[in-house]
Trainee: 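Would you mind keeping the following structure in view while I ask a few things?
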Amino acid sequence: MTKALEGVKILDFTHVQSGPTCTQLLAWFGADVIKVERPGVGDITRGQLQDVPKADSLYFTMLNHNKRSITLDTKNPKGKEVLTRLIETCDILVENFGPGVLDRMGFTWEKIHAINPRMIVASIKGFGPGPYEDCKVYENVAQCTGGAASTTGFRDGLPLVTGAQIGDSGTGLHLALGIVTALYQRNATGKGQRVTAAMQDGVLNLCRVKLRDQQRLAHGPLTEYSQYGEGIPFGDATPRAGNDSGGGQPGRILKCKGWETDPNAYIYFITQAPVWEKICDVIGAPEWKTDPDFAKPAARLPRLNQIFGRIEDWTMTKTKFEAMNILNEFDIPCGPILSMKEIAEDESLRATGTIVEVDHPTRGKYISVGNPIKLSDSPTDVTRSPLLGEHTEEILRKVLGYNDNEVADIRHAGALDPAPKRAAP
Ligand code: CAO
């Protein structure tokens, strides 16, 4: 066994981003992921944000590595037979259709469980049971309803969404953990179960510290927020905190040399208490080590603007990388603001396989994010995403065991072709 999930078969009914992130991870751990796509159409992202004409988009290719693709009309009666066979054969079904889609297709949990009691059925929806359970949801809807947007941005500005896809990819990660946990339980019970992850819940889980702050508000102001030092009273909900650190060690984004022309010439600087004296020395403020207004963390909290202003006077004399090198020598936690260009060119990320180069038959070479989770006995080899229906015949014959006549029947019944367009009512 060279891969952790070798031998695990996944019926991948996912599309767009949240579900595909999950099944891509499982594929990287060695599962055989069979992506079922609508004939002629496929995952809608194949054609979205296309940069190379007639080639699968980066949106699709970067979320569907290491998978096989079968096209199948699962609304066609013969297609339903094939889907039933896939359910009998696979260990896990993963889907992120809109609410009710799988039921409308005729494959309720009860039916799937009856066909294959060992099957784990894993779903992502926008919301859990409740008033919004029937809503369709995309990334930013989840960020807004999960508490991220109301707590991101500056106090006097609009709520903001973040570029990190915490609603989609974040929930995909949550689902992947649920799946392997259910698989572990199945080893003992022999029984499959349902795994569900709602995007609102996933985002809220990642915003845990903001719900912490919501409750702390009942006991007084949030003293580590810049707002406290600025003398601005708190309202009744966790406010937006700009670039304040979410933890107990105050931090800020500070300008570095070149900030006037380079939008990323900044560094995140954390005034971690144990290294305070070193910070004072580095920035040329040794008097702060003994000054009662600055020497202790609690005394510093109302003075964060003054403190970070002085630190910034120092960071502005260095490039972000010079500052990083100097500060690291003293174990002062900091991080340069890296642009996507800098990350794409980072040799160390390439060396670890976190950035990989992939070759694709219609689009050529591109780079992608490899598996960020490294298993010492289950290395990840990133292979290109499948073309639409590239493995249809192979899966019908080799995975499901259909013979020539049966494949011809399935084809003849139209289960592998695009469904005829219905006239608008
Ligand atoms: N054969 C035949 N029909 C197929 C098929 C196949 N192989 N695969 C999918 N379909 C059909 C489904 O049966 C369904 O048809 P009906 O609506 O007639 O039942 C339709 O295609 C897919 O419906 P959908 O609701 O999933 O797709 P949508 O584009 O309207 O909505 C999305 C997309 C993402 C909003 C919705 O799927 C959703 O809310 N998913 C859950 C939350 C989620 O994951 N969101 C994140 C997406 S990434 O930003």
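Hydrogens, waters and symmetry mates are skipped; everything else that's a heavy atom, side chains included, is used. Whatever order the structure lists ligands and atoms in, that order sets their numbers, starting from 1.
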Trainee: Quick one: does NZ or CZ of Arg363 land under 6.0 Å from the six-membered ring centre of Tyr366, within 45 degrees of the ring axis?
Mentor: yes
Trainee: In this structure, are over 12 heavy atoms from other groups packed under 6.0 Å from Asp236 atom CG?
Mentor: no
Trainee: Under 4.0 Å from a heavy atom of Asp73: which atoms of ligand 1 are those, numbered in the order shown and with their elements?
Mentor: 1 (N), 2 (C)
Trainee: Look at Arg252 together with Asp244 and state whether they make a salt bridge at an N to O cut-off of under 4.0 Å.
Mentor: yes
Trainee: Looking only at protein heavy atoms, which one is nearest to atom 6 (C) of ligand 1, and what is the separation?
Mentor: Thr74 OG1, 3.2 Å
Trainee: Give the intermediate values and the outcome of salt bridge (Lys or Arg N to Asp or Glu O under 4.0 Å) for residues Glu406 and Lys78.
Mentor: CA-CA 10 Å; Glu406 290 167 325; Lys78 205 68 182 171; over 6 Å; no
Trainee: Nearest non-hydrogen contact with atom 25 (O) of ligand 1 belongs to which option: Lys136, Gln165, Gln17?
Mentor: Lys136
Trainee: Angle class for the Trp28/His65 ring planes (parallel below 30°, perpendicular above 60°, tilted otherwise)?
Mentor: parallel
Trainee: Pick, from His15, Glu37, Lys80, Lys125, the option with the minimum heavy-atom distance to atom 37 (O) of ligand 1.
Mentor: His15
Trainee: Which protein non-hydrogen atom lies closest to atom 10 (N) of ligand 1, naming both residue and atom, and how far is it?
Mentor: Arg38 NE, 3.8 Å
Trainee: Only one of Lys9, Arg118, Arg186 clears side-chain hydrogen bond (donor to acceptor under 3.5 Å, both in side chains) with Asp91; which?
Mentor: Arg186
Trainee: On the ring face of Phe60, is Arg46 found with NZ or CZ under 6.0 Å from the centre and within 45° of the axis?
Mentor: yes
Trainee: Is any side-chain heavy atom of Trp314 closer than 4.5 Å to a side-chain heavy atom of Leu254?
Mentor: no
Trainee: Which residue supplies the protein heavy atom nearest to atom 7 (N) of ligand 1, what is that atom called, and how far is it?
Mentor: Leu72 O, 2.8 Å
Trainee: Salt bridge check, Asp377 against Lys3: does any charged N sit closer than 4.0 Å to a carboxylate O?
Mentor: no
Trainee: For ligand 1, is Met199 a contact, meaning one of its heavy atoms is under 4.0 Å away?
Mentor: yes
Trainee: Is there a nitrogen or oxygen of Arg104 sitting under 3.5 Å from a nitrogen or oxygen of ligand 1?
Mentor: yes
Trainee: Among all protein non-hydrogen atoms, which one is nearest to atom 16 (P) of ligand 1, and what is the separation to 0.1 Å?
Mentor: Lys75 NZ, 3.5 Å
Trainee: Could an N or O of ligand 1 be found under 3.5 Å from any N or O of Val137, whether backbone or side chain?
Mentor: yes
Trainee: I'd like to check which ligand 1 atoms, numbered from 1 as shown, lie under 4.0 Å from a non-hydrogen atom of Glu139.
Mentor: 49 (O)
Trainee: Of all the non-hydrogen atoms in the protein, which one sits nearest to atom 26 (O) of ligand 1, and at what distance?
Mentor: Gly98 N, 2.8 Å
Trainee: Could you tell me whether Ser18 and ligand 1 have an N or O pair separated by under 3.5 Å?
Mentor: yes
Trainee: So which protein heavy atom does atom 33 (C) of ligand 1 come closest to, and at what separation?
Mentor: Tyr138 OH, 3.6 Å
Trainee: Against heavy atoms of Ile124, which atoms of ligand 1 measure under 4.0 Å?
Mentor: 41 (C), 44 (O)
Trainee: Got a salt bridge between Lys35 and Glu390, using NZ or NE/NH1/NH2 to carboxylate O under 4.0 Å?
Mentor: no
Trainee: Keeping to residues at least two apart or across chains, list the ring-ring contact (aromatic ring centres under 6.0 Å, His included) pairs with something in residues 253-273.
Mentor: none
Trainee: Is there a heavy atom in Gly19 that sits closer than 4.0 Å to ligand 1?
Mentor: no
Trainee: Apply side-chain hydrogen bond (donor to acceptor under 3.5 Å, both in side chains) to Arg216 and list each qualifying residue two or more places apart in sequence or on a separate chain.
Mentor: Asp213, Glu224
Trainee: Looking only at protein heavy atoms, which one is nearest to atom 40 (N) of ligand 1, and how far off is it?
Mentor: Asn96 O, 2.9 Å
Trainee: Considering non-hydrogen atoms of the protein only, which is the closest contact for atom 46 (C) of ligand 1, and what is the distance?
Mentor: Asp168 OD1, 3.2 Å
Trainee: Measuring from atom 14 (C) of ligand 1, which candidate in Val101, Val16, Asp43 has the nearest non-hydrogen atom?
Mentor: Val101
